[in-house]
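Before any comments, here is the structure.
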There are 2 protein chains.
Amino acid sequence: MITLNDKTYTCPVDVTLGFIGGKWKLLILFHLHYFTKKSYAEIRDNLPGISEKMLSQQLKELERDQLIEKNVITKKPYRVEYYLSTEGKSLAPLYEFASEWGIAYLKKHDIDYIQDQHLYK
Amino acid sequence: MITLNDKTYTCPVDVTLGFIGGKWKLLILFHLHYFTKKSYAEIRDNLPGISEKMLSQQLKELERDQLIEKNVITKKPYRVEYYLSTEGKSLAPLYEFASEWGIAYLKKHDIDYIQDQHLYK
DNA sequence: CTGCATCCTATACGATACTG
DNA sequence: CAGTATCGTATAGGATGCAG
């Protein structure tokens with residue numbers, strides 16, 4: 001057993017899962033990986049179905065875990081941009097692979113998707 | 001939006017997540033990737049904390065999604081072995097990377113772990 | 001625009017007992 | 001040994017309204 005931040009993990013894969021697990025984190029991370037920088041509203045609008053609660057909650061956890069960082073662009077009106085930290089970028093192979101595998105799966109099963117556009121609404 | 005098996009996905013990453021999401025699937029898959037073949041009891045005993053319900057449920061879903069396969073070795077007593085299908089093996093880079101990233105994280109933060117032994121109890 | 005608080009629901013997950 | 005059924009709980013997730 002591995003203990004980390006008051007939680008226990010069964011193996012290194014489990015540790016990684018602790019950072020990117022759940023329904024939204026990998027999608028948010030991939031999004032920032034793909035588009036480099038995005039505002040709160042842009043992320044929200046590009047992840048159909050995500051609620052404000054989940055978005056802010058997940059962003060906060062990703063910041064806490066130091067996978068993403070935030071710049072405050074202007075105070076009035078309040079505008080920000082989120083982007084991957086060095087640590088967050090170190091997971092890039094995972095985002096890439098997950099995306100490529102998904103695309104390959106869709107292609108293999110003749111399911112409609114739009115090549116080179118990673119947004120679906 | 002991508003529709004697949006009555007579910008909708010927002011992007012290819014989401015599709016991949018549909019197959020390996022949740023608390024246990026990646027751990028089971030990595031386990032079979034690492035040990036090649038394992039019986040029901042071996043998987044259970046090597047994934048501390050998993051309940052019988054979750055194990056059988058997840059195994060069934062992984063079989064349905066054709067990421068793993070099962071051999072019945074003997075009928076009496078009933079013995080089986082699970083292993084990755086070709087499709088399941090195609091996710092190997094993901095298991096490997098998730099494991100390596102977890103190990104690197106633990107090393108970086110000086111957290112105790114046992115090198116080259118992917119089981120923790 | 002960013003983002004939190006509240007309240008509510010769905011479902012993922014877990015303990016246990018039981019069957020072929 | 002390999003599972004399934006049942007029931008209960010915890011938490012993830014969602015709708016909405018409001019605040020800086």
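Keep in mind it's a predicted model, so treat the numbers as computed, not measured. Numbered from 1 within each chain, the chains take letters A, B, ... in sequence-line order.
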> Between B:Tyr40 and B:Glu52, does any side-chain donor sit less than 3.5 Å from a side-chain acceptor?
Replying inline: yes
Measure the distance from [atom1] on [X] to [atom2] on [N] and round it to the nearest whole Å.
| X | N | atom1 | atom2 | value |
| --- | --- | --- | --- | --- |
| A:Leu47 | D:dG14 | CG | P | 12 Å |
| B:Lys7 | C:dA12 | NZ | C1' | 12 Å |
| B:Lys23 | D:dT9 | NZ | C1' | 13 Å |
| B:Ile28 | C:dA12 | CD1 | P | 15 Å |
| A:Arg44 | D:dG13 | CZ | P | 19 Å |
| A:Lys37 | C:dT2 | NZ | P | 15 Å |
| A:Ile73 | C:dG3 | CD1 | P | 11 Å |
| A:Tyr40 | C:dT2 | OH | C1' | 6 Å |

> Heavy-atom distance under 4.5 Å between the side chains of A:Ile73 and A:Tyr78, does that happen here?
Replying inline: no
> So do A:Thr36 and A:Tyr83 actually touch side chain to side chain, heavy atoms under 4.5 Å?
Replying inline: no
>> Run the salt bridge (Lys or Arg N to Asp or Glu O under 4.0 Å) test against B:Lys37 and tell me which residues pass, sequence neighbours left out.
In response: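 In terms of salt bridge (Lys or Arg N to Asp or Glu O under 4.0 Å), with neighbours along the sequence ignored, B:Lys37 is linked to B:Glu81.
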>> Please classify the nucleic acid contact of B:Thr74 as base, sugar-phosphate, or nothing, using heavy-atom distances under 4.0 Å.
In response: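 The answer is nothing, as B:Thr74 stays clear of every strand by at least 4.0 Å.
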> Reckon B:Lys70 touches a base, only the sugar-phosphate, or nothing at all at heavy-atom distances under 4.0 Å?
Replying inline: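 The answer is sugar-phosphate, as B:Lys70 gets under 4.0 Å only of primed atoms, P, OP1 or OP2.
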> Think A:Tyr78 has a side-chain N or O under 4.0 angstrom from the OP1 or OP2 of C:dG3?
Replying inline: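 Yes, within the criterion.
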> Under 4.0 Å: is that the gap between some side-chain N or O of B:Tyr82 and OP1 or OP2 of D:dG3?
Replying inline: yes
>> Among residues 49-61 of chain B, which ones have heavy-atom contacts with DNA chain D below 4.0 Å?
In response: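 Within residues 49-61 of chain B, the residues near DNA chain D are B:Glu52, B:Lys53, B:Ser56, B:Lys60.
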> Can you say whether the rings of A:Phe19 and B:Trp101 are parallel (under 30°), tilted (30 to 60°) or perpendicular (over 60°)?
Replying inline: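 Taking B:Trp101 first and then A:Phe19, their aromatic rings stand perpendicular (interplane angle over 60°).
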> A:Tyr34 and A:Glu96: side-chain hydrogen bond (donor to acceptor under 3.5 Å, both in side chains), yes or no, with the steps?
Replying inline: CA-CA 9 Å; A:Tyr34 196 74; A:Glu96 298 273 11; over 6 Å; no
> Are A:Lys108 and B:Glu87 ion-paired here, with the side-chain N under 4.0 Å from a carboxylate O?
Replying inline: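 Salt bridge present between A:Lys108 and B:Glu87.
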